[in-house]
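Working notes, structure below.
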There are 2 protein chains.
Amino acid sequence: MQEQLRLQNQLCFPLYAVSKAVTRLYLSYLTPLGITYTQYVVFLVLFEQDGIRVKELGKRLFLDSGTLSPLLEKLEKQGYVEKGKSLDKRERIVTLTAKGKALEATLAPIPFQIASRLQLNEDEAKTLYTLSYRLLNQLEEDHE
Amino acid sequence: MQEQLRLQNQLCFPLYAVSKAVTRLYLSYLTPLGITYTQYVVFLVLFEQDGIRVKELGKRLFLDSGTLSPLLEKLEKQGYVEKGKSLDKRERIVTLTAKGKALEATLAPIPFQIASRLQLNEDEAKTLYTLSYRLLNQLEEDHE
DNA sequence: TCTAAATAGATTGCATACAATTTATCTATC
DNA sequence: GATAGATAAATTGTATGCAATCTATTTAGA
């Protein structure tokens with residue numbers, strides 16, 4: 001058996017598995033609110049930068065229009081966002097409605113609730129955060 | 001704006017994004033071979049433990065039958081695996097065919113090719129690996 | 001032994017992801 | 001001003017993930 005092919009010798013696998021496990025933890029808080037994890041991170045961006053182009057949203061979240069177009073359509077149908085026009089008619093501007101803005105207060109406790117469920121101390125969390133971002137940024141650079 | 005809701009203050013996000021980025025890197029090697037990332041990790045388990053129950057495969061990979069059933073069906077159609085019966089008639093035993101076994105040699109170089117693309121030193125990679133697994137194991141414990 | 005509860009795997013339904021393609025629009029260049 | 005190439009977003013097609021449900025089989029307890 002080729003040693004380097006053992007599952008336990010792959011760095012990719014814990015990254016893949018932990019990402020799914022963390023998403024599932026979020027879902028235990030988000031599903032009762034009727035939103036998904038991807039929708040959650042879309043809202044986080046919109047709370048920071050309301051009135052953003054779909055392209056910019058995709059850049060922040062590393063998602064393309066194939067994912068965002070149907071997702072935004074659903075959010076629009078549910079009354080959370082509106083997709084307005086831009087001067088450049090190719091672009092669409094995503095804006096939170098009042099209902100969408102109200103979600104910020106509803107979602108505010110979630111990061112604390114999640115943090116209380118993760119048994120990592122501050123150093124460990126920071127290290128995991130930093131290394132993940134370093135790897136992410138490298139891979140995204142290569143990707144361009 | 002609620003500080004704790006800023007995207008940059010979320011640990012979940014780099015985990016989510018880096019997992020997708022790493023998967024995409026693998027796909028650049030796997031797609032030419034006609035296999036997906038999830039199929040790849042299924043093969044890794046089968047190389048270690050040929051003739052495994054679907055349940056056990058799912059336990060190793062944190063995947064359920066909703067994902068594995070159609071995936072194994074495709075691998076069977078492509079001639080990589082066979083699904084045999086067990087004494088317990090509820091169970092199915094997954095076995096590599098000759099074509100499936102031959103894939104081990106084909107896949108063997110990939111971990112080296114991937115490693116050469118990741119600009120992490122050994123310590124960093126080990127830390128990322130360890131912290132990811134620690135978090136994963138915690139979350140999976142809670143999940144049960 | 002008979003049957004209720006548990007278990008394995010398949011199926012269904014929904015929501016991503018993302019490559020590739022399409023459509024509409026813009027921009028640079030002549 | 002006409003047009004080729006670039007760009008933004010939508011659409012298409014394929015493959016996950018996973019909760020919930022269904023079916024077949026096994027097991028445990030009265």
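The model shown is predicted, which means the values in this text are computed figures rather than measured ones. All chains are named by letter (A, B, ...) in the order of the sequence lines, taking the proteins before the strands, and each is independently numbered beginning at 1.
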Check whether any side-chain N or O of [X] sits under 4.0 Å from OP1 or OP2 of [N], and answer yes or no.
X	N	answer
K89(B)	dA8(C)	no
T36(B)	dT14(D)	no
K55(B)	dA8(C)	yes
T38(B)	dG17(D)	yes

Check every strand shown and say whether [X] touches a base, only sugar-phosphate, or nothing at a heavy-atom separation below 4.0 Å.
X	result
L71(B)	sugar-phosphate
L87(B)	sugar-phosphate
Q39(B)	sugar-phosphate
K83(A)	sugar-phosphate
D88(A)	sugar-phosphate

Subject >> For the student: nearest non-hydrogen atoms of E124(A) and L120(A), plus distance >> reply: OE1-CA, 3.4 Å

Original post:
So, for L118(B) and Q138(A), which heavy atoms are closest and what is the spacing to 0.1 Å?
Top reply: C-OE1, 4.0 Å

In whole angstrom, what separates [X]'s [atom1] from [N]'s [atom2]?
X	N	atom1	atom2	answer
L75(A)	dC14(C)	CG	P	17 Å
D64(A)	dA10(D)	CG	P	11 Å
K85(B)	dT26(D)	NZ	C1'	16 Å
I52(B)	dG9(C)	CD1	P	10 Å
K59(B)	dA8(C)	NZ	C1'	11 Å
L25(B)	dA19(C)	CG	P	13 Å
K74(B)	dG13(D)	NZ	P	16 Å

Subject >> Whichever of S65(A) and R90(A) has its nearest DNA chain C nucleotide further upstream toward 5' >> reply: S65(A)

Original post:
Given that E91(A) and Y16(A) both sit by DNA chain D, which one's nearest nucleotide is further toward the 5' end?
Top reply: E91(A)

**OP:** Find out whether Q78(B) and I35(B) are in side-chain contact, i.e. whether some heavy atom of one side chain is under 4.5 Å from a heavy atom of the other.
**Re:** no

Residue [X], side-chain heavy atoms: nucleotide from [options] that is nearest:
X	options	result
L63(B)	dG9(C), dC18(C), dG17(D)	dG17(D)
R53(B)	dA19(C), dA8(C), dA17(C)	dA8(C)
K20(B)	dT16(D), dC18(C), dA19(D)	dC18(C)
P70(A)	dT11(D), dA8(D), dC18(D)	dT11(D)

Original post:
Any donor-acceptor pair under 3.5 Å between the side chain of S69(A) and the base of dA9(D)?
Top reply: no

**OP:** Starting at CG of D64(B), measure out to CG of L57(B) and round the result to the nearest 0.5 Å.
**Re:** 11.5 Å

Subject >> Qualifying residue for ring-ring contact (aromatic ring centres under 6.0 Å, His included) with Y80(A), from F43(A), Y40(A), F47(A) >> reply: F43(A)

**OP:** Hey, can you tell me if F13(A) and Y133(B) have their rings parallel, tilted or perpendicular (30° and 60° cut-offs)?
**Re:** tilted

